[in-house]
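See structure below.
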Amino acid sequence: MGVRIAGVGSYVPDCVVTNADLRERQGFDPEWIEQRTGIFARRYAPNDLATSDLCVEAATRAIDNAGVKAEDIDLLIVGTFTPDHLCPSTACLVQEKLGLDVPAFDLSAACSGFVYSLATGAQYVATGNSRLALVIGADLCSRIVNPRDLKVAPLFGDGAGAVLMSRGTCEQGLVCYQLGADGGGGSLLECAAGGTRQPATPDDLDAGRQYMNMDGRNVFIWAVRAVEDTIKLVLEKAGMRIEDVSLFLLHQANARILEHAVEKLGVPREKVPMQLDRYGNTSAGSIPLLLDEAVRAGRIHSGDAIVMCGFGAGLTWGTALFRW
């Protein structure tokens with residue numbers, strides 16, 4: 001506790017790719033995409049933009065929203081699993097582009113990346129080791145999916161969101177949170193080739209093993225259970241009920257996953273904003289994108305309790321109950 005979100009910002013590329021566009025380019029079935037996922041469009045970054053560029057745009061908007069100067073920032077964390085390079089880190093590239101003089105590092109937890117990064121940044125602020133931390137969740141997923149994969153490619157889009165965290169009142173901050181991982185399910189969502197275990201060979205590239213492969217059915221089953229269990233646990237530990245929460249900002253993976261989880265939890269639909277119909281699955285970018293939209297729409301007020309829940313490859317999950 002004693003931590004507040006002082007500013008928020010987000011960014012998505014200008015290029016809108018609709019389901020009709022995918023049908024024209026790749027022969028995808030728009031009806032299948034819409035019924036199975038709830039996605040109607042997504043944003044793709046042009047070839048000259050990378051993840052760090054999305055981060056910089058989102059961060060700049062968060063800095064403006066907070067009314068602070070870039071030189072006031074003393075910590076930078078970037079949650080991403082689509083870095084510009086294996087090295088240097090994307091955070092170091094963002095640091096240079098923003099002109100910051102701060103420690104900077106990446107945190108890789110896929111679609112849980114923002115919640116993991118938020119919880120990490122909060123530790124620095126709460127202990128007095130950071131006065132103003134910049135936390136970014138961003139992924140450029142269009143570059144890691146096989147454009148010919150009918151079941152995976154339509155799900156993902158590109159986007160970034162950022163928050164600035166500083167000291168707040170004793171009532172503000174992370175009331176309760178859970179970070180979790182189950183490496184036993186790692187093969188359900190993986191890019192098999194391109195790392196040190198299996199450096200990409202010409203054969204791998206021809207076969208598309210450098211792209212993300214997903215066991216959609218089992219990921220769906222796991223995600224519904226994981227979202228329900230982690231939110232129940234966090235609320236129980238905090239001594240709070242569903243009715244006490246103003247908004248549930250859930251990772252925008254698939255409309256059917258969210259609908260099943262919300263129904264099991266008994267959360268009113270009006271408390272669960274969604275934007276995957278417009279942006280698709282932006283991985284670590286999805287929750288801060290939702291947060292920025294909610295703030296700009298005036299849906300979050302001082303004292304509100306907000307649940308943020310991410311889940312994805314790893315397998316990882318992270319749920320934060322944040323008092324605004």
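All values reported here derive from a predicted model rather than from experimental measurement.
Under 3.5 Å, the side chains of S246 and K271 contain no donor-acceptor pair of N or O atoms. At a cut-off of 3.5 Å, with distance as the only test, no side-chain donor of T80 or T90 sits close to an acceptor on the other residue. A donor-acceptor contact closer than 3.5 angstrom is absent between the side chains of N254 and T37.
Residue pairs meeting the salt bridge (Lys or Arg N to Asp or Glu O under 4.0 Å) criterion with at least one member in residues 183-209, sequence neighbours excluded: D204-R209.
Between F311 and H251, the ring-plane angle classifies as perpendicular under the 30° and 60° cut-offs.
Looking only at side-chain heavy atoms (C-beta outward), D29 and R23 stay at 4.5 Å or farther from each other. Looking at heavy atoms from C-beta onward, L98 lies in side-chain contact with T60 at the 4.5 angstrom threshold. Contact annotation: the side chain of I136 never approaches that of L54 to less than 4.5 Å [non-hydrogen atoms, C-beta and beyond]. Using a 4.5 Å cut-off on side-chain heavy atoms (C-beta onward), I144 and Y211 make no contact. For the pair T319 and V234, the minimum side-chain heavy-atom distance is below 4.5 Å.
Hydrophobic clustering (ILVMFWY, side-chain heavy atoms < 4.5 Å, transitive): V175 and I306 are in distinct clusters. Taken together through direct or relayed side-chain contacts under 4.5 Å among Ile, Leu, Val, Met, Phe, Trp and Tyr, L164 and V115 form parts of separate hydrophobic clusters.
Of the candidates D229, I231, T230, T230 is the only one forming a side chain to side chain contact (heavy atoms under 4.5 Å, CB included) with Q178.
Annotation: cation-pi pair R256/F220 present, NZ/CZ under 6.0 Å from the ring centroid and within 45° of its normal.
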Report the C-alpha separation of R4 and T169 in whole Å, then their side-chain angles, then the decisive distance to 0.1 Å, and conclude whether the side-chain hydrogen bond (donor to acceptor under 3.5 Å, both in side chains) test is met.
-> CA-CA 8 Å; R4 73 185 183 102; T169 69; over 6 Å; no
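V307 and L235 get closest at one heavy-atom pair: CG2-CD2, 4.3 Å. In plain terms, the two heavy atoms of C141 and D158 that are nearest each other are N-OD1, 2.9 Å. Pairing each heavy atom of R296 with each of S10, the nearest pair is NH2-OG, 4.4 Å.
Formation of a donor-acceptor pair under 3.5 Å by the N281 side chain with backbone atoms of L155 is not found in this model.
Enclosure of atom CD in E71 by more than 12 non-hydrogen atoms of other residues, nucleotides or ligands within 6.0 angstrom is indicated.
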